[in-house]
Amino acid sequence: MWVCLRENCVIDDATGAEKMNYEDFCHIATVCTEQIGQKCKRFFSPSNFMKFEKDDSGRIAILPFYLYVMRTVSLTQARIDMSELDEDSDGFLQPHEMEAYIRGLIPNLAQLRDMPTQFVQMYCRIAARKFFFFCDPHRRGKACIKKVLLSNCLQELMELHQESEEEVTDTEQAENWFSLTSAQRICDMFLALDKDQNGTLSKQELKEYADGTLTEIFIERVFDEHVRRSKVGGGNSREMDFESFLDFVLALENKDTPEGLTYLFRCLDLNGRGFLTTADIHTLFRDVHQKWIEGGNYELCIEDVRDEIWDMVKPADPLRISLQDLLSCKQGGTIASMLIDVRGFWAHDNRENLLQEEEEQVEEA
């Protein structure tokens with residue numbers, strides 16, 4: 001189809017872009033149907049032509065149209081593959097089914113082809129967990145196929161089709177949860193924290209996460225809200241397994257998403273009431289303040305920080321902050337960082353300097 005499009009389009013004199021008007025579009029439809037078959041005919045409907053931005057001459061660029069076809073075919077194929085793996089045909093995938101889908105994709109993704117065989121199983125666990133974090137909000141252990149197909153997660157995974165050497169920077173690879181670099185980083189992080197090598201993390205071990213900048217009260221609350229009681233060790237000992245650790249990392253690395261913020265809000269909501277009071281903010285920030293002073297920083301007034309948070313959120317009820325308030329103010333991720341991580345508060349306190357540095361780096365580049 002790409003060959004047909006390029007051979008039958010016109011070059012825009014002003015921009016050099018390859019374009020087609022509606023007449024070209026109909027002609028290409030005929031050529032494609034003859035050369036490829038009837039199945040491509042559905043892409044060349046008048047309504048599809050109207051979806052794309054047109055120039056003054058009524059022409060559309062061929063590249064966005066081609067990418068639209070590619071994405072549609074890719075999603076259709078993904079839906080077929082997932083439906084085949086859906087053993088009970090309920091429209092949902094369980095973790096082992098999602099892992100099987102990802103395992104089947106690996107040979108077709110340019111950036112994952114050279115993955116060491118012994119790492120494949122671990123990679124599939126790490127990759128599948130992101131789908132469940134974002135597509136299984138009620139933690140029922142199954143993800144809706146429709147939701148998976150429309151999620152940013154699938155788009156992010158499909159980005160690994162690009163040839164890594166030529167088209168993708170190291171930074172992009174590190175930022176993509178599904179890249180081999182990212183999966184190995186997370187695995188190494190867990191192994192480094194697991195000092196007693198028992199395959200789970202204690203509170204003491206988790207406190208070393210991110211160089212120990214997270215507060216003790218936050219770590220305690222993570223275990224209260226998101227870690228199941230162990231069946232061994234008298235029933236009272238709680239240790240974080242690898243899946244729970246992946247959720248923890250996903251929440252901290254996606255604080256600005258509704259899913260990440262929902263995870264963190266449960267930890268911030270000290271009394272499980274569905275809202276935060278000024279007393280909660282004071283209690284949470286006290287630990288950050290202690291780490292801040294231990295780091296040799298200037299003295300802070302906790303009340304001033306509390307008032308600043310209230311000003312940032314502007315809650316609907318002036319006496320309490322709800323999860324919805326945090327989502328609506330568009331600064332929920334920043335506020336969560338300020339309350340759980342001394343480094344997050346430092347970044348907020350130095351935001352103007354950091355912004356200036358970023359601008360200078362852009363200018364130099």
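Only this structure's heavy atoms are used, side chains among them; waters, hydrogens and symmetry mates stay out.
- Under 3.5 Å, the side chains of Gln184 and Asp188 contain no donor-acceptor pair of N or O atoms.
- A salt bridge links Asp12 to Arg59: at least one charged side-chain nitrogen sits closer than 4.0 Å to a carboxylate oxygen.
- Both Leu276 and Leu270 belong to a common hydrophobic cluster when Ile, Leu, Val, Met, Phe, Trp and Tyr are linked at side-chain heavy-atom distances under 4.5 angstrom.
- Ring to ring, Tyr68 and Phe52 are close: their centroids are under 6.0 angstrom apart.
- For Phe49 and Phe44, the gap between ring centers reaches or exceeds 6.0 Å.
- Side-chain rings of Tyr123 and Phe178 stay apart, their centers remaining 6.0 Å or farther from each other.
- More than 12 heavy atoms of other residues, nucleotides or ligands lie within 6.0 Å of CD in Glu308, so this atom counts as buried by the packing criterion.
- In this structure, the separation between NZ on Lys255 and CD1 on Ile335 is 12.5 Å, given to the nearest 0.5 Å.
- By the neighbour-count criterion of 12 heavy atoms within 6.0 Å, atom CG of Asp311 is densely surrounded, having more than that number from other residues, nucleotides or ligands.
- Below 30°, between 30° and 60°, or above 60°: for Trp2 and Tyr66 the angle between ring planes is between 30° and 60°, a tilted geometry.
- For the residue pair Gln111/Asn176, the side-chain donor-acceptor check at 3.5 Å is not satisfied.
- Hydrophobic clustering of Ile, Leu, Val, Met, Phe, Trp and Tyr side chains at less than 4.5 Å, counting indirect connections, keeps Leu85 apart from Phe92.
- Heavy atoms from other residues, nucleotides or ligands lying under 6.0 Å from CD of Gln121 number 12 at most.
- A single hydrophobic cluster is seen to contain both Ile293 and Ile217, as judged by linkage of ILVMFWY side chains at heavy-atom distances under 4.5 Å, directly or through other members.
- Crowding of Lys146 atom NZ: a count of heavy atoms from other residues, nucleotides or ligands under 6.0 Å not exceeding 12.
- The aromatic ring centroids of Tyr263 and His226 lie less than 6.0 Å from each other.
- Under a 4.0 Å N-O distance rule, the pair Lys314/Asp325 does not qualify as a salt bridge.
- Remark: Leu105 CG to Leu154 CG distance equals 8.0 Å, nearest 0.5 Å.
- Note: Leu264 CG to Leu326 CG = 10.0 Å, rounded to the nearest 0.5 Å.
- Using modelled atom types, one finds no donor on one side chain facing an acceptor on the other under 3.5 Å when comparing Gln155 with Glu159.
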Checking ring-ring contact (aromatic ring centres under 6.0 Å, His included) for the pair Phe248/Tyr209: CA distance, chi angles, key distance, verdict? CA-CA 11 Å; Phe248 174 77; Tyr209 180 86; 5.1 Å; yes
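- Using a 4.0 Å cut-off between charged nitrogen and carboxylate oxygen, Arg266 and Asp269 do not count as a salt-bridge pair.
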How far apart are the C-alpha atoms of Glu243 and Arg129, what are their side-chain angles, what is the distance that settles it, and do they pass the salt bridge (Lys or Arg N to Asp or Glu O under 4.0 Å) test? CA-CA 7 Å; Glu243 266 68 28; Arg129 200 66 199 173; 5.4 Å; no
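- Met189 CE to Leu201 CG: the interatomic distance, rounded to the nearest 0.5 Å, is 11.0 Å.
- Under the 4.5 Å side-chain contact rule for hydrophobic residues, Leu261 and Leu252 share a cluster.
- Judged as a salt bridge (Lys or Arg N to Asp or Glu O under 4.0 Å), and not counting sequence neighbours, the contacts of Arg320 are Asp317.
- Every residue meeting the salt bridge (Lys or Arg N to Asp or Glu O under 4.0 Å) condition with Arg6, not counting sequence neighbours, appears here in chain and number order: Glu18.
- Under a cut-off of 6.0 angstrom, the local environment of CD in Glu253 is crowded, with over 12 non-hydrogen atoms contributed by other residues, nucleotides or ligands.
- The aromatic rings of His289 and Phe285 sit tilted, their planes meeting at an angle between 30° and 60°.
- Atoms CD1 and CZ, from Ile145 and Phe131 in turn, are 12.0 Å apart once rounded to the nearest 0.5 Å.
- Under a cut-off of 6.0 angstrom, the local environment of NZ in Lys41 is sparse, with at most 12 non-hydrogen atoms contributed by other residues, nucleotides or ligands.
- The side-chain contact (heavy atoms from CB on, under 4.5 Å) test with Met240 is passed by exactly one of Thr200, Leu206, Asp194, Leu193: Leu206.
- For the pair Lys203 and Glu239, the salt-bridge criterion is not met [side-chain N within less than 4.0 Å of a carboxylate O].
- For the 3.5 Å distance criterion, the side chains of Thr283 and Asp280 fail to qualify, holding no donor opposite an acceptor.
- Using a 4.0 Å cut-off between a side-chain N of Lys or Arg and a carboxylate O of Asp or Glu, Asp136 and Lys142 do not qualify as a salt bridge.
- Note: Met82 CE to Gln77 CD = 11.0 Å, rounded to the nearest 0.5 Å.
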